[in-house]
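Structure, as structure tokens:
Below, all heavy atoms of this structure are taken into account, side chains as well, without hydrogens, waters or symmetry copies. Counting convention: from 1, in listed order, for ligands and their atoms alike.
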Amino acid sequence: MNGSSLSPQSDKSMTNLTELTIAEMQAGLRTGDFSSRELVQAALDRLSKVEPALHAFLYIASEEALAAAAEADKKRKSVGATGQFPLLGIPIAVKDVLTVEDLPCTAGSKILEGYVPPFTATSVTRLKDAGAVIIGKTNNDEFAMGSSTEHSAYGYTHNPWDLTRVPGGSSGGSAASVAARCVPAALGTDTGGSVRQPASLCGVTGLKTTYGRVSRFGLIAFGSSLDTVGALGRTAEDVAQIFSAMAGRDELDATSADMPVPEINFDGDALRGLKIGVPKEYFISGIQPEVEEKTRTAIQQLKELGAEIREISLPHTEYALPVYYIIAPAEASANLARFDGIRYGPRVDADNLWDVFFKTRGQKFGPEATRRIMIGTYALSTGYYDAYYGQAQKVRTLIKQDFEAAFRDVDLIAAPTAPETAFKIGEHVDDPLAMYLEDVFTLPASLAGVPGISFNCGFDKNHLPIGLQLIGPYFREDLLLRVTHAYQQVTDWHKQSPKL
Ligand code: GLN
């Protein structure tokens, strides 16, 4: 890690720099209060302080980031503060399932140890084109399979609010690095909840985009019909900036939607006259009582801001978990077939090609990836395909239709993000079903492909953050962000930071 020294006088302001939101960083860069190099140096200093306790990163790109920041400062001088580079000089972290040219990328797996991709994910390219400086790659569950980062082959990440607890997953490193004030924002990916659930457990704002809204080019595939790229930040305003920079059609991803990306305007009354549905299936027994209490209070606050609240029903919700845990492993088993010791990463040598595949895969995939490959291969095998994958896809359509029907009556849906606050490291790691249950409230929106957001709406008795989830109709990220912003204007849960 780079530790260039700072003058004693700048020490104080440097500490404060990491407390700034993107909007505040932009203001300071504009007025010349500090440079991008100082911002990036402050982030690196913060990392050298907290990273030993957190382990939020798999790779810190100190030198590359400082060089990019110096470039950004030069550019600002030559072209002035321009709308063309809205994120000029802003430090951002990237989940390690997204490729960045010349930076190691492992997806949290030993099967990609030492792999250095020769290309950059479109989501990241677009952030860089907007001027952002990539600080490093964040930790995640192996191939984004998990809800705690404990399935990373490189060790788990700790929750900044309580180091004995998980940050959620699979984008746990991204969520922890934002919560711990290392970076103002980070990219994550959400296949079944991996942006929203860690955002909830770490008390930050996390947006899961509509399927197809952001290019998946350069995202190491997990469940191709479910994978989405999203953003985590402290405020809806900051997340909106990342979203606007990366969304939109990309020729390199045929499933990316050719839909206009609206300018997100935070003026006016986002909630006046808005109808918000509260699905009764999301307040089930077994949910932590404080989660129910705080999310209901937050929904009440949305009502006070002008929304009309209605109870609704999403009748097929209970099938989301079994359906997801057929479809996602089935697609994963196909996607992970490419990791064979020949094309990427390390190889375990053997006498013949077959044994090379066998040994490399047997030794380099971790237990969760192996479990999913086995379940998925079984579900797709001849004779079982119709009974499992085919049937699951049919039920998936019913889940999607639940949302379509609901959005004929309401504008948004509000519910808890996760059934409980951050759990203890080790608590669920040996019990796959308990781990899978963590996603019970995030999976339905993923199966339907609709966007969702999670933001902090209070704390439990252990001072662990609780997330409220809003789910919107296809391509209405703007509405989710506007409503979250309105809530954040009248509350300050999102301003609280963990003591580290
Ligand atoms: N926790 C879920 C899983 O393990 C979702 C992961 C994700 O969204 N990437 O599949």
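Q288 has its side chain out of reach of E292: every pair of non-hydrogen atoms, C-beta onward, lies at least 4.5 Å apart.
The ligand atoms of ligand 1 that sit less than 4.0 angstrom from a heavy atom of S147 are 1 (N). For ligand 1, the atoms closer than 4.0 angstrom to any heavy atom of Y325 are 1 (N), 2 (C), 3 (C), 4 (O), 10 (O). Within the listing of ligand 1, atoms 9 (N) sit less than 4.0 angstrom from a heavy atom of S170. The distance from ligand 1 to the heavy atoms of M145 drops below 4.0 Å at these ligand atoms: 4 (O). Of all atoms in ligand 1, listed by their number and element, those nearer than 4.0 Å to a heavy atom of F222 are 9 (N), 10 (O).
In this model, no donor atom of one side chain and acceptor atom of the other lie less than 3.5 Å apart for S256 and D250.
Distances shorter than 4.0 angstrom do not occur between any heavy atom of A328 and any atom of ligand 1. Contact annotation: Y324 has at least one heavy atom less than 4.0 Å from an atom of ligand 1.
The backbone and the side chain of A144 each have at least one atom closer than 4.0 Å to an atom of ligand 1 (non-hydrogen atoms only). Under 4.0 Å from ligand 1, the heavy atoms of D439 that appear belong solely to its side chain.
A donor-acceptor pair is defined here as one N or O able to donate and one able to accept, closer than 3.5 Å; such a pair exists between the side chain of E281 and the backbone of L314. Panel note: side chain E142, backbone G108; no donor-acceptor pair is recorded below 3.5 Å. Between the S170 side chain and the G146 main chain, no donor and acceptor come within less than 3.5 Å of each other.
Taking the six-membered ring where tryptophan is involved, the planes of H316 and Y319 are tilted, since the angle between them lies from 30° to 60°.
For the pair R296 and F283, the cation-pi test (distance below 6.0 Å, angle within 45°) is passed.
Among R372, K208, M435, the residue whose heavy atom sits closest to atom 4 (O) of ligand 1 is R372. Closest to atom 9 (N) of ligand 1 by heavy atom, among S194, G193, G192, is S194.
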Do D190 and R196 pass the salt bridge (charged side-chain N to carboxylate O under 4.0 Å, His left out) test, and can you show the C-alpha distance, the side-chain angles, and the key distance before you say yes or no? CA-CA 7 Å; D190 192 313; R196 288 162 289 160; 3.0 Å; yes

